[in-house]
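By convention in this document, chain letters (A, B, ...) are assigned in the order of the sequence lines, proteins followed by strands, and residues within each chain are numbered from 1.
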Amino acid sequence: MAHGPTTASEEYIEVAPSRPGQEKGSFTRIIQELVFTVDHKKLGLMYIGSGLFFFVIAGLMATLIRIQLAIPNNHFLEPDVFNRFFTMHGTAMVFIVGMPIIFGFANYLVPIMIGARDMAYPRMNAFGFWMFFFSGFLLYASYFAGPGLYNAGSAPDVGWFAYSPLTSRAFSRGHSSDYWTLALFSGGIGSIATAINLIVTTVSLRCKGMTLGRMPLFVWTFLVVAFLVIIAMPPLAACQIMLLLDRYLGAAFFDTQNGGSAILWQHFFWIFGHPEVYILILPGFAIMNEIVPVFSRKPIFGYPIMVAANLMIAFISLGVWAHHMFTVGMSSVGNAFFAITTMLVAVPTGIKIFNWLGTMHGGKIRMELPMLFCIMFLFQFLIAGLTGIMLAVAPFDWQLSDSYFVVAHFHYVLIGGLLFTIFAGIYYWYPKAFGRMLDNKLGHLHFWLFTIGFHVTFFPQHISGFLGMPRRYYTYDAGRGWDLWNMISTIGVIFQAAGIFFFVLNLIWSYWKGRKAGDDPWDAWTLEWATTSPPPDYNFEHLPVVHSRRPLWDLKHPDDPDWKYE
Amino acid sequence: MGTGKLRLSKTLAALALMAPLAAAQADEPLRPIANMFDPLSKPAEMIHDSAIITLIICTVIFLIVTGMLVYVCVKFRSRGAIDERKEPPQIYGSSQIELAWTIIPIIITVVLILITTRTIGEIQDHAVPANAVHIRVIGHQWWWEIHYQKPGAKPGEWITDFTTANEIHVPVNVHTEITLESADVLHSFWVAQLNGKTDLIPGLKNHTWIEPRTTGVFFGNCAEYCGTQHANMQLKVFVQTPGDFAAWKIAQATPAPAPAAAEAIAGKQVFFANSCVNCHKVDGTTAIGVFGPDLSRLATRMTIGAGVAANNQENLRAWMRDPSHLKPGVLMPNMQLTETEVDQVVAFLQTLK
Amino acid sequence: MEFINQPVPEGEEAPWRLPSTRKAGMICLILTESALFSIFVVAFVFYMGKSLNPPYPSQIMEPPWLASASLIGSSFTIMIAEWFLKRNRTFGFNIWWIITVLMGAYFLGFTAYEWHDLIY
């Protein structure tokens with residue numbers, strides 16, 4: 001079994017480039033390879049690459065939003081244009097930036113980490129990617145096609161959770177909401193396909209000795225994420241189907257003018273929407289679980305309880321959705337119930353933070369770039385978690401909800417939490433994927449500019465929230481106490497944008513000029529570092545056999561292997 | 001018509017908003033900063049109390065954990081190449097420590113849960129006293145319709161005494177019970193210094209209440225995204241002394257006297273000759289439209305367009321020329337009035353006090 | 001790196017078995033479907049009997065007993081057909097398979113008829 005199934009075609013390419021334009025490395029050849037590939041590593045990189053592409057577009061929208069809000073009574077953007085921007089920014093960042101990037105990491109790493117040659121269903125994997133990819137373009141196509149024959153609309157402007165009845169035909173004319181609906185629906189099918197694939201891969205394709213108790217925590221966390229996806233995404237699909245029935249077949253699920261219920265949409269949406277938040281943040285935990293031990297030179301502290309905490313978070317996350325709805329007038333019992341379940345999330349999350357600290361304690365922490373991003377994650381996610389607790393205190397939430405405080409909170413979760421770990425992950429695994437290290441100087445520029453910019457942008461938004469500034473306002477009057485904080489917030493964007501510029505520059509520059517990485521530049525312990533960088537199509541020449549959670553530690557320290565202590 | 005010029009005039013109008021307001025309404029102090037940590041009403045104070053405890057707990061946790069993080073990073077950072085040769089002792093976990101940091105968060109959570117549930121009960125299940133003022137607030141895209149209950153109505157029954165728009169007047173130190181409804185999409189009623197927000201939901205009746213401690217003009221906002229002009233769906237709550245409130249109520253419930261000046265009389269004719277009356281109501285006349293704000297006492301209000309501009313002659317003229325220049329996307333159409341007609345209608349509107 | 005010549009803990013020579021990908025995949029798919037339909041069912045239950053104006057469903061519709069029975073029954077007949085197929089008994093398979101198809105066709109036809117009847 002020296003050769004994987006794809007080796008034959010590989011040889012074919014080497015031996016016979018055949019027609020002109022088909023030579024290996026030519027542009028058409030690369031495009032052809034990308035379109036036809038079912039290789040989990042290529043698909044993973046395509047996921048991350050296209051996610052970053054959409055990230056830049058959605059980030060530019062956020063920049064325009066911040067310019068509009070820099071000064072009171074600004075006329076930089078028309079209200080409708082502004083409303084489309086925040087809707088598209090939110091929708092894009094959640095569905096075609098966050099989801100694909102985390103799936104990209106999962107796709108690339110899960111099969112290698114469990115010692116498999118590919119995902120369980122490679123073609124379904126490609127299907128999932130292309131569904132997502134075109135759903136992204138479908139979403140943005142609304143800018144051109146949204147007005148339809150009515151010449152009304154353009155891009156969706158209903159907010160990323162599209163509360164009914166704003167989406168009914170009376171209030172959302174043209175096809176903008178339909179583009180939103182169909183893009184999320186088709187993207188959701190792709191996500192579900194990928195999630196099923198991940199579960200089956202993890203359950204059925206582990207290499208010899210890779211018991212559930214020895215799986216890297218990264219894989220464990222993504223197993224939980226994938227389960228959340230297959231439980232949470234279908235309700236979203238059901239919502240979209242019902243919304244389309246409302247809009248075109250005269251159903252009245254959410255159409256309040258025909259006896260529908262506006263609250264029902266909120267319940268259904270957040271039954272999807274809250275697990276979605278954990279779908280987005282758990283991969284951040286997954287990356288932390290890999291990077292923190294390696295750079296602290298110690299195994300993860302309390303592996304079993306980390307797994308248990310993941311499962312607890314996933315389980316509780318299915319029962320907290322209505323904490324997005326404390327202001328809709330639920331009974332006091334309902335409010336109290338959802339406040340309690342929400343606060344319970346703090347327990348497993350706290351365990352995780354303390355266990356990461358426990359991992360670092362007593363280690364020899366190498367302050368390399370991936371670790372710097374992880375340390376900032378700990379700090380920022382702590383803030384995000386604590387503001388989350390404030391939001392869970394239902395009476396406090398009556399003040400805070402739908403204010404800029406919420407905006408600050410979820411940007412601390414999604415940027416301070418998720419995006420920082422994505423950066424950490426990219427700095428950590430880029431050498432594996434491309435065989436070259438990312439440049440350290442550009443990386444530090446990126447890290448410092450982005451970290452400063454992030455805090456300067458989003459910390460003041462807590463305060464403008466305290467001062468009563470509601471979210472989704474395209475303008476505000478002077479004299480309400482919001483001017484200063486909005487100005488500071490906008491200034492921060494300059495630093496963030498500069499940081500992202502150096503990041504993208506680094507990705508491109510290092511691809512050709514970066515220092516050669518070798519197979520195992522970080523002296524790490526999981527299986528992906530046992531193969532070459534970049535790994536061959538078949539991942540491993542011989543499928544590995546593992547005896548502990550850190551198979552490479554066992555190889556590097558045969559006198560003191562891990563399995564003696566587990 | 002050059003949009004640039006009108007844009008500029010709109011900016012100037014908006015920038016000049018605050019100063020004339022203070023002059024026009026000297027009775028109560030303006031409170032434009034909706035600071036939730038400066039509560040001036042009963043439910044907002046209860047929320048504030050639980051918020052402060054939560055903030056203190058969270059700050060303490062933040063300081064402790066950040067301290068631990070900094071300590072760990074400084075103490076255990078790798079010190080160059082000599083240090084890297086040997087791996088540190090491999091520790092896999094410790095049941096006692098993990099148990100400790102499971103139990104401590106649970107205790108904190110229980111404390112927070114007790115605070116939360118108590119405050120929820122105190123605010124939501126608060127009894128409505130007999131002397132309460134009852135008002136109904138109906139959200140529209142992008143303004144607030146406000147109904148006052150006729151005195152002497154039976155509990156649970158609603159008879160409207162008079163209606164107004166965008167500006168609520170309530171007496172100080174009295175419980176005001178507010179019923180919230182919506183005519184179109186979701187809105188949210190939020191005056192941070194008086195109470196937290198409650199949504200206005202089509203097809204449902206929500207309730208909230210306030211009991212202000214001091215007089216003043218409190219600035220509020222719509223806090224649930226409701227379409228194009230969500231940002232300009234502002235709300236003002238005038239908390240008055242019981243005497244002032246009673247006088248205001250009587251004034252609102254009586255129709256404004258018919259205009260006397262020639263220009264205003266002409267303006268009234270223009271008003272009734274156009275389709276204004278289909279959407280607007282003026283008490284004591286045949287104008288009984290309900291789609292737009294009630295104009296019966298328009299001239300007594302502080303702002304027009306739900307807070308988009310100060311209520312003065314210049315802004316009223318700009319509004320009558322084309323409402324969507326002051327408030328882009330507003331549902332009121334441009335009535336295509338001539339300059340003379342604009343002046344006449346504005347003269348008429350200014351008699352409505 | 002080689003995984004072959006490393007020291008091995010005792011008792012690790014047990015055969016390595018994992019669940020089949022087909023079973024795992026099918027269970028996931030069923031979970032997905034249940035999540036999807038549970039939302040539809042909740043929406044149905046929420047609106048059951050609610051109608052703004054008459055005629056109300058109970059006045060004009062009868063429970064489609066036969067169609068429901070054939071829908072649910074077809075799940076069992078296809079199982080029987082599969083049982084025959086696994087034992088290479090094509091005749092039995094054909095019979096039960098055709099019965100399943102007929103029941104499905106009846107259900108679909110009745111649904112189409114219902115829709116036609118209600119909307120037009």
Original post:
Which bit of A/Val333 comes within less than 4.5 Å of chain B, counting heavy atoms only: side chain, backbone, both or neither?
Top reply: neither

Original post:
Looking at B/Tyr71, B/Phe189, B/Phe62, which makes the most heavy-atom pairs under 4.5 Å with chain A?
Top reply: B/Phe62

Subject >> Side chain, backbone, both or neither of B/Ser182 within contact of chain A (heavy atoms, under 4.5 Å) >> reply: neither

**OP:** Name the option with the most non-hydrogen atom pairs under 4.5 Å to chain B; the candidates are A/Ala339, A/Ala392, A/Ser296, A/Gly302.
**Re:** A/Gly302

Subject >> Nearest heavy atoms of B/Pro89 and A/Gly362, plus distance in Å >> reply: CD-O, 4.4 Å

**OP:** Please state whether the side chain, the backbone, both or neither of A/Asp523 comes within less than 4.5 Å of a heavy atom of chain B.
**Re:** side chain

**OP:** Applying side-chain contact (heavy atoms from CB on, under 4.5 Å), run through A/Leu467 and B/Asn35 and close with a yes or a no.
**Re:** CA-CA 4 Å; A/Leu467 296 177; B/Asn35 183 355; 3.8 Å; yes

Original post:
Quick one: what part of A/Phe171 sits under 4.5 Å from any heavy atom of chain B, side chain, backbone, both or neither?
Top reply: side chain

**OP:** Heavy-atom distances under 4.5 Å only: say whether A/Met343 touches chain B with side chain, backbone, both or neither.
**Re:** both

**OP:** Heavy atoms only: give me the nearest B/Cys58-A/Ile389 pair and the separation to one decimal.
**Re:** SG-CG2, 4.1 Å

Original post:
With distance as the sole test, does B/Asn206 use its side chain to make a donor-acceptor pair with the main-chain N or O of A/Val328 at under 3.5 Å?
Top reply: yes

Subject >> Beyond-backbone contact of B/Gln141 with A/Leu166, side-chain heavy atoms, under 4.5 angstrom >> reply: yes

Original post:
Which bit of A/Ser332 is near chain B, if near means a heavy-atom gap under 4.5 Å: side chain, backbone, both or neither?
Top reply: both

Original post:
Can you tell me how far CD1 of B/Ile104 sits from CD1 of A/Ile351, rounded to the nearest 0.5 angstrom?
Top reply: 11.5 Å

Original post:
Looking at A/Leu378, A/Asp562, A/Thr349, which has the largest count of heavy-atom pairs under 4.5 Å with chain B?
Top reply: A/Asp562

Original post:
Which atoms of B/Leu204 come close to chain A, meaning under 4.5 Å heavy atom to heavy atom: side chain ones, backbone ones, both, or neither?
Top reply: side chain

Subject >> Portion of A/Met306 that has a non-hydrogen atom of chain B nearer than 4.5 angstrom >> reply: neither

Subject >> Shortest non-hydrogen contact between A/Pro470 and B/Ala223, atoms and distance >> reply: CB-CA, 4.2 Å

Original post:
Given a strict heavy-atom distance threshold of 4.5 Å, which part of A/Ile353 is in contact with chain B: side chain, backbone, both, or neither?
Top reply: side chain

**OP:** Inspect the surroundings of CH2 in A/Trp485 and state if more than 12 heavy atoms from other residues, nucleotides or ligands are less than 6.0 Å away.
**Re:** no

**OP:** Side chain from CB out, backbone as N, CA, C, O: work out which of these in A/Trp356 comes under 4.5 Å of a heavy atom of chain B, or both, or neither.
**Re:** neither

Original post:
Which answer fits B/Trp190, side chain, backbone, both or neither, if we ask what part of it has an atom under 4.5 Å from a heavy atom of chain A?
Top reply: side chain

Original post:
If you look at every heavy atom in A/Gly479 and B/Ile33, which pair is closest and at what distance?
Top reply: O-CD1, 4.2 Å

Original post:
Rounded to the nearest 0.5 Å, how far apart are CZ of A/Phe396 and CD1 of B/Ile52?
Top reply: 7.5 Å

Original post:
Non-hydrogen atoms of chain B under 4.5 Å away: do they reach the side chain of A/Leu382, the backbone, both or neither?
Top reply: side chain

Original post:
For A/Ala262, is it the side chain, the backbone, both or neither that has a heavy atom under 4.5 Å from a heavy atom of chain B?
Top reply: side chain

Subject >> Contacting moiety of A/Ser164, where chain B heavy atoms sit under 4.5 Å >> reply: backbone

Original post:
Of the listed residues (A/Asn335, A/Ile365, A/Ile300, A/Thr342), which shares the most heavy-atom pairs with chain B below a 4.5 Å separation?
Top reply: A/Ile365

**OP:** Please look at B/Asn195 and chain A and tell me whether the side chain, the backbone, both or neither of the residue comes under 4.5 angstrom of a heavy atom of that chain.
**Re:** backbone

Subject >> Heavy-atom side-chain proximity of B/Phe76 to A/Lys298 below 4.5 angstrom >> reply: no

**OP:** May I ask you to name which of A/Pro79, A/Ala336, A/Ala394, A/Gly481 has the most heavy-atom pairs under 4.5 Å with chain B?
**Re:** A/Pro79

**OP:** Measure distances from B/Ile123 to the heavy atoms of chain A and classify the residue's part below 4.5 Å as side chain, backbone, both or neither.
**Re:** side chain

Original post:
Does any heavy atom of chain A fall under 4.5 Å from the side chain of B/Thr102, the backbone, both, or neither of them?
Top reply: both

Original post:
Can you check whether B/Pro32's main-chain N or O pairs, donor with acceptor, with A/Arg480's side chain at less than 3.5 Å?
Top reply: yes

**OP:** Hey, could you give me the CG/NZ distance between A/Asp397 and B/Lys197, rounded to the nearest 0.5 Å?
**Re:** 7.0 Å

**OP:** Give a yes-or-no answer on whether the side chains of B/Gln90 and A/Asp560 include a donor-acceptor pair shorter than 3.5 Å.
**Re:** no

Original post:
If you count heavy-atom pairs under 4.5 Å between each of A/Phe379, A/Tyr476, A/Phe337, A/Phe326 and chain B, which one has the most?
Top reply: A/Phe379

**OP:** Among B/Thr198, B/Ile103, B/Val70, B/Asp184, single out the residue with the greatest number of heavy-atom pairs under 4.5 Å to chain A.
**Re:** B/Asp184

**OP:** To the nearest 0.5 Å, tell me how far B/Met233 CE sits from A/Tyr473 OH.
**Re:** 8.5 Å

Original post:
Between A/Ile340, A/Asn74, A/Val158, which shows the greatest number of heavy-atom pairs under 4.5 Å with chain B?
Top reply: A/Ile340

Subject >> chain B contact via A/Phe86 - side chain, backbone, both or neither, heavy atoms under 4.5 Å >> reply: side chain

Original post:
Just how far is it from atom SG of B/Cys73 to atom CG of A/Leu357, taken to the nearest 0.5 Å?
Top reply: 8.0 Å

**OP:** Against chain A, work out which of B/Ala44, B/Ala34, B/Pro105 has the most heavy-atom pairs shorter than 4.5 Å and name it.
**Re:** B/Ala34

Original post:
What part of A/Arg471 is in contact with chain B, defined as an atom under 4.5 angstrom from a non-hydrogen atom: side chain, backbone, both or neither?
Top reply: backbone

Subject >> Interatomic distance, A/Arg472 atom CZ to B/Glu224 atom CD [nearest 0.5 angstrom] >> reply: 7.5 Å

Original post:
Does the side-chain contact (heavy atoms from CB on, under 4.5 Å) test come out yes or no for A/Phe295 and B/Ser78, once each step is laid out?
Top reply: CA-CA 9 Å; A/Phe295 288 87; B/Ser78 167; over 6 Å; no

**OP:** Counting only heavy atoms closer than 4.5 Å, note whether B/Ile201 contacts chain A via side chain, backbone, both or neither.
**Re:** side chain

**OP:** Check whether any side-chain N or O of B/Tyr225 sits under 3.5 Å from a backbone N or O of A/Asp157 as a donor-acceptor pair, and report yes or no.
**Re:** yes

Original post:
Any side-chain heavy-atom pair from A/Asp477 and B/Gln234 closer than 4.5 angstrom?
Top reply: yes

Subject >> chain B contact via A/Ser401 - which portion, at a heavy-atom distance below 4.5 Å >> reply: both

**OP:** Tell me, out of B/Ile115, B/Ile91, B/Thr117, who's got the most heavy-atom pairs with chain A below 4.5 Å.
**Re:** B/Ile91

**OP:** Go through the steps to decide whether B/Asp199 and A/Met325 satisfy the test side-chain contact (heavy atoms from CB on, under 4.5 Å), and finish with yes or no.
**Re:** CA-CA 9 Å; B/Asp199 293 352; A/Met325 300 164 57; over 6 Å; no

Subject >> Side-chain (A/Gln399) to main-chain (B/Ala192) donor-acceptor, under 3.5 angstrom >> reply: yes

Original post:
B/Thr228 and A/Tyr474: side-chain contact (heavy atoms from CB on, under 4.5 Å), yes or no, with the steps?
Top reply: CA-CA 9 Å; B/Thr228 311; A/Tyr474 82 95; over 6 Å; no

Original post:
Would one find more than 12 heavy atoms of other residues, nucleotides or ligands at under 6.0 Å from atom CZ of B/Phe291?
Top reply: no

